[in-house]
Amino acid sequence: MAASPGLGRPVENFTLPGGVLDGDDTFVRREYRLDERRGHPLVLAFYPGDDTSVCTKQLCSYSSGLETFTDLGAEVWGISPQDIDSHEAFARKYGLRIPLLADTERTVAKAFGIAAPGIGLRRAVFLIAPDGTLHWKHVALLGATFQPVETLARELTALKA
């Protein structure tokens, strides 16, 4: 397993397919590039699987707390190994308002050092600073819990200090 990017170090650019529900309940599919968020903070929320217990709680929490993130100038991207069709069904079932990206080959998970045999990837959150460096990260050992919106908001606020 590769090591995750170091704090304060540049995060290598990546592109993944994904989609997000828009205001008209249309699932808009497109390519997401890390460098398109340059100049703005980004939360990368890696999760093992669509429509599973803890993952559902985590992404519903981030989706319902979306204004907290947007008020801090940040966007949240959920990333897992499932394909875009699975992401669309998951987003529709729970009304998720954050982009869900498909890392089906786990290339991005491997680059972040969180690919795990059997489960695909470890639950992890990485906060990317506006300059493209890694500001903060949390990689779960077991993945039975997730980082709450309040913790992520505190770390995002620290970026502005």
Side-chain angles (χ1 to χ4, degrees), residues 1-21 27-37 40-66 69 74-129 132-153 155-156:
M1 186 162 58
S4 66
L7 293 177
R9 306 287 305 162
V11 177
E12 195 167 321
N13 193 39
F14 65 82
T15 302
L16 287 174
V20 65
L21 283 175
F27 192 76
V28 180
R29 296 173 183 229
R30 68 178 184 87
E31 296 283 313
Y32 287 79
R33 292 179 46 92
L34 179 62
D35 61 2
E36 77 186 38
R37 289 296 302 165
H40 305 281
L42 177 64
V43 177
L44 300 178
F46 289 88
Y47 64 100
D50 291 340
D51 210 7
T52 58
S53 178
V54 177
C55 297
T56 299
K57 289 176 188 167
Q58 177 184 18
L59 295 180
C60 284
S61 168
Y62 296 170
S63 180
S64 66
L66 191 59
F69 296 111
E75 192 168 308
V76 179
W77 293 354
I79 303 174
S80 77
Q82 292 74 43
D83 65 22
I84 298 177
D85 289 339
S86 176
H87 287 342
E88 179 175 357
F90 184 41
R92 287 186 182 287
K93 183 173 182 179
Y94 295 100
L96 300 176
R97 303 179 298 151
I98 62 173
L100 301 178
L101 283 56
D103 187 15
T104 56
E105 301 297 318
R106 297 184 304 146
T107 53
V108 176
K110 289 173 186 169
F112 277 83
I114 58 167
I119 60 170
L121 59 83
R122 294 187 186 283
R123 185 178 316 283
V125 178
F126 295 85
L127 300 184
I128 312 301
T133 61
L134 181 62
H135 169 69
W136 182 86
K137 67 180 175 180
H138 180 270
V139 179
L141 292 177
L142 298 175
T145 61
F146 59 89
Q147 294 300 299
V149 171
E150 297 77 21
T151 297
L152 301 178
E155 293 299 330
L156 286 167

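Here the straight-line distance linking atom CD of E31 with atom CG of L16 works out to 8.0 Å at 0.5 Å rounding. Of the inter-residue distances, the one linking L96 atom CG with E88 atom CD reads 12.0 Å to the nearest 0.5 angstrom. Rounded to the nearest 0.5 angstrom, K110 NZ and E105 CD are separated by 7.5 Å. Taking CG from L44 and NZ from K137, the interatomic distance works out to 13.0 Å, rounded to the nearest 0.5 Å. Here the straight-line distance linking atom CG of L127 with atom CG of L134 works out to 8.0 Å at 0.5 Å rounding. Going from atom CD of Q147 over to atom OG of S61 covers 11.0 Å, rounded to the nearest 0.5 Å.
Heavy atoms only, all atoms of each residue included: G65 and V149 are closest at O-CG1, 4.4 Å. E12 and L34 make their closest contact through O-CD2, 3.5 Å (heavy atoms, listed as atom of the first residue, atom of the second, distance). A74 and L156 get closest at one heavy-atom pair: CB-CD1, 3.8 Å. Closest approach of P48 and P81 over heavy atoms only: O-CD, 3.5 Å.
Looking only at side-chain heavy atoms (C-beta outward), F126 and I114 come within less than 4.5 Å of each other. Taking 4.5 Å as the limit, every side-chain heavy atom of H87 sits out of range of all side-chain heavy atoms of P99. Side-chain atoms of S86 and D83, non-hydrogen and from C-beta on, do get closer than 4.5 Å to each other. In this structure, the side chains of I128 and R37 stay at 4.5 Å or more apart for every pair of heavy atoms. Using a 4.5 Å heavy-atom cutoff, the side chains of V20 and Y32 are in contact.
For E36, the CD atom counts as densely surrounded, since its 6.0 Å shell holds more than 12 non-hydrogen atoms of other residues, nucleotides or ligands.
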Stepwise side-chain contact (heavy atoms from CB on, under 4.5 Å) check, L121 with F112:
CA-CA 10 Å; L121 59 83; F112 277 83; over 6 Å; no

Pair D51, T56 - check side-chain contact (heavy atoms from CB on, under 4.5 Å), show working.
CA-CA 6 Å; D51 210 7; T56 299; 4.0 Å; yes

Could you go step by step and tell me if L100 and Y47 meet the side-chain contact (heavy atoms from CB on, under 4.5 Å) rule?
CA-CA 10 Å; L100 301 178; Y47 64 100; 3.8 Å; yes

Step by step, work out the side-chain contact (heavy atoms from CB on, under 4.5 Å) result for L59 and F90.
CA-CA 10 Å; L59 295 180; F90 184 41; 3.4 Å; yes

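Note: F69 and Y62 have perpendicular aromatic rings, judged against thresholds of 30 and 60 degrees for the angle between ring planes. The aromatic rings of W77 and F14 stand perpendicular to each other, their planes meeting at an angle above 60°, with 30° marking the opposite boundary. Using the six-membered ring where Trp is involved, H138 and W136 have ring planes that are parallel, under 30° apart on the 30 and 60° scheme.
Remark: the backbone N or O of D35 is paired with a side-chain donor or acceptor of N13 at under 3.5 angstrom. Using modelled atom types, no side-chain atom of H40 and backbone atom of E75 make a donor-acceptor pair closer than 3.5 Å. Between the side chain of D103 and the backbone N or O of T107 there is at least one donor-acceptor pair closer than 3.5 Å. Of the possible donor and acceptor atoms, one in the side chain of R106 sits under 3.5 Å from a partner among the backbone N and O of G120. For S64 (side chain) and C60 (main-chain N/O), a donor-acceptor pair under 3.5 Å exists by modelled atom type. Put simply, the side chain of R97 gets close to the backbone of S63: a donor and an acceptor are under 3.5 Å apart. Q82 places a side-chain N or O within 3.5 Å of a backbone atom of D50 that can act as its donor or acceptor partner.
Figure legend: cation-pi geometry between R29 and F27 absent, as NZ or CZ is not positioned both under 6.0 Å from the six-membered ring centre and within 45° of its axis.
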